[in-house]
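Reckoned from all heavy atoms, side chains included, excluding hydrogens, waters and symmetry mates. This is a predicted model, so every value here is computed, not measured.
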Amino acid sequence: QVQLVESGGGLVQAGGSLRLSCAVSGRTSRYYAMGWFRQAPGKEREFAAGISRSGGSTYYADSVKGRFIISRGNAKNTVSLIMNGLKPEDTAVYYCAADPATVVDDKADYWGQGTQVTVSS
């Protein structure tokens, strides 16, 4: 059984930075595309950033492009999201996602429990 373990998040002032990390545990014999989605209060979950199984391709929502950086870790099926220049509108619960194919379409097979990111103005 595959589980996603997230860490990071918290409270930061506008303009600050945070780092989120996620690791796949369980059935890790294969590589997964991984990514991050977020859901703000009263809004639908939206794609934030994704990375291919090889790490050779990255994808970003327009709202975070140029501020967020997604990368794969040295350990298999780990991913980090560095969030710079945070804005109050980035406040949301951030969810890690993993899928054998792609994570950009909100139909990933596996999801983390979510971690809160709060940006104060």
Side-chain angles (χ1 to χ4, degrees):
Q1 183 165 346
V2 174
Q3 291 184 323
L4 273 60
V5 180
E6 301 159 338
S7 60
L11 174 64
V12 66
Q13 288 187 334
S17 299
L18 282 175
R19 179 183 180 131
L20 305 181
S21 297
C22 177
V24 175
S25 65
R27 184 183 176 188
T28 58
S29 60
R30 65 194 311 178
Y31 281 89
Y32 293 92
M34 300 182 73
W36 294 91
F37 288 73
R38 63 186 186 180
Q39 187 169 20
K43 295 187 177 181
E44 294 187 354
R45 187 168 62 191
E46 63 176 10
F47 171 78
I51 191 165
S52 63
R53 289 175 293 178
S54 68
S57 297
T58 56
Y59 312 91
Y60 297 95
D62 288 342
S63 58
V64 307
K65 198 172 294 182
R67 299 188 296 122
F68 290 11
I69 301 171
I70 189 169
S71 61
R72 300 194 73 102
N74 291 328
K76 188 176 181 180
N77 289 325
T78 59
V79 67
S80 293
L81 183 68
I82 297 175
M83 304 181 291
N84 298 315
L86 282 163
K87 305 174 182 180
E89 50 264 44
D90 293 318
T91 295
V93 177
Y94 283 71
Y95 296 91
C96 180
D99 190 271
T102 180
V103 296
V104 298
D105 58 4
D106 200 15
K107 295 181 174 61
D109 284 352
Y110 307 106
W111 293 86
Q113 78 283 0
T115 185
Q116 178 69 45
V117 171
T118 302
V119 184
S120 63
S121 57

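- With values rounded to the nearest 0.5 angstrom, Lys65 atom NZ is found 10.0 Å from Tyr60 atom OH.
- Nearest heavy-atom pair across Glu6 and Gly112 is OE2-CA, 3.3 Å.
- Within the model, atoms CZ of Arg38 and CZ of Arg45 stand 13.5 Å from one another, a figure rounded to the nearest 0.5 Å.
- Exactly one of Thr91, Val119, Thr118, Asp90 qualifies for a side-chain contact (heavy atoms from CB on, under 4.5 Å) with Val12. That residue is Val119.
- Of all the heavy atoms in Tyr59 and Ile51, the pair that sits closest is CD1-N, 4.4 Å.
- To the nearest 0.5 angstrom, Asp106 atom CG is 10.5 Å from Glu46 atom CD.
- Classified by interplanar angle (parallel below 30°, tilted 30° to 60°, perpendicular above 60°), the ring pair Tyr94/Phe68 is tilted.
- Under a hydrophobic-cluster definition in which Ile, Leu, Val, Met, Phe, Trp and Tyr are linked whenever side-chain heavy atoms come within less than 4.5 Å, directly or via other members, Tyr95 and Val2 are assigned to different clusters.
- Atom NZ of Lys87 is separated from atom OG of Ser121 by 14.0 Å, given to the nearest 0.5 angstrom.
- In this structure a side-chain-to-backbone donor-acceptor pair under 3.5 Å is missing from Arg53 to Tyr31.
- Taking a 6.0 Å sphere around CZ of Arg30, one finds it holds more than 12 heavy atoms contributed by other residues, nucleotides or ligands.
- The two residues Ala33 and Thr102 make their nearest non-hydrogen contact at CB-CA, 3.9 Å.
- Applying the side-chain contact (heavy atoms from CB on, under 4.5 Å) test between Val117 and each of Leu18, Val93, Leu81 identifies Leu18 as the sole match.
- By the criterion of side-chain heavy atoms lying less than 4.5 angstrom apart, applied directly or through intervening Ile, Leu, Val, Met, Phe, Trp or Tyr residues, Val24 is not grouped with Val103; the two fall into different hydrophobic clusters.
- The two residues Ala98 and Met34 come nearest to each other via the heavy atoms CB-CG, 4.2 Å.
- Expressed to the nearest 0.5 Å, how far CD1 of Ile70 lies from OG of Ser52 amounts to 9.5 Å.
- In this structure, the separation between CH2 on Trp36 and CE on Met83 is 8.0 Å, given to the nearest 0.5 Å.
- For the pair Arg72 and Asn77, the minimum side-chain heavy-atom distance is below 4.5 Å.
- Heavy atoms only, all atoms of each residue included: Phe47 and Gly50 are closest at CZ-N, 3.3 Å.
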message: What verdict does the side-chain contact (heavy atoms from CB on, under 4.5 Å) test give for Tyr32 and Asp109, after you've listed the backbone C-alpha separation in whole Å, the side-chain angles of each residue and the deciding distance to 0.1 Å?
response: CA-CA 10 Å; Tyr32 293 92; Asp109 284 352; over 6 Å; no
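- Closest approach of Ala40 and Ala92 over heavy atoms only: N-CB, 3.7 Å.
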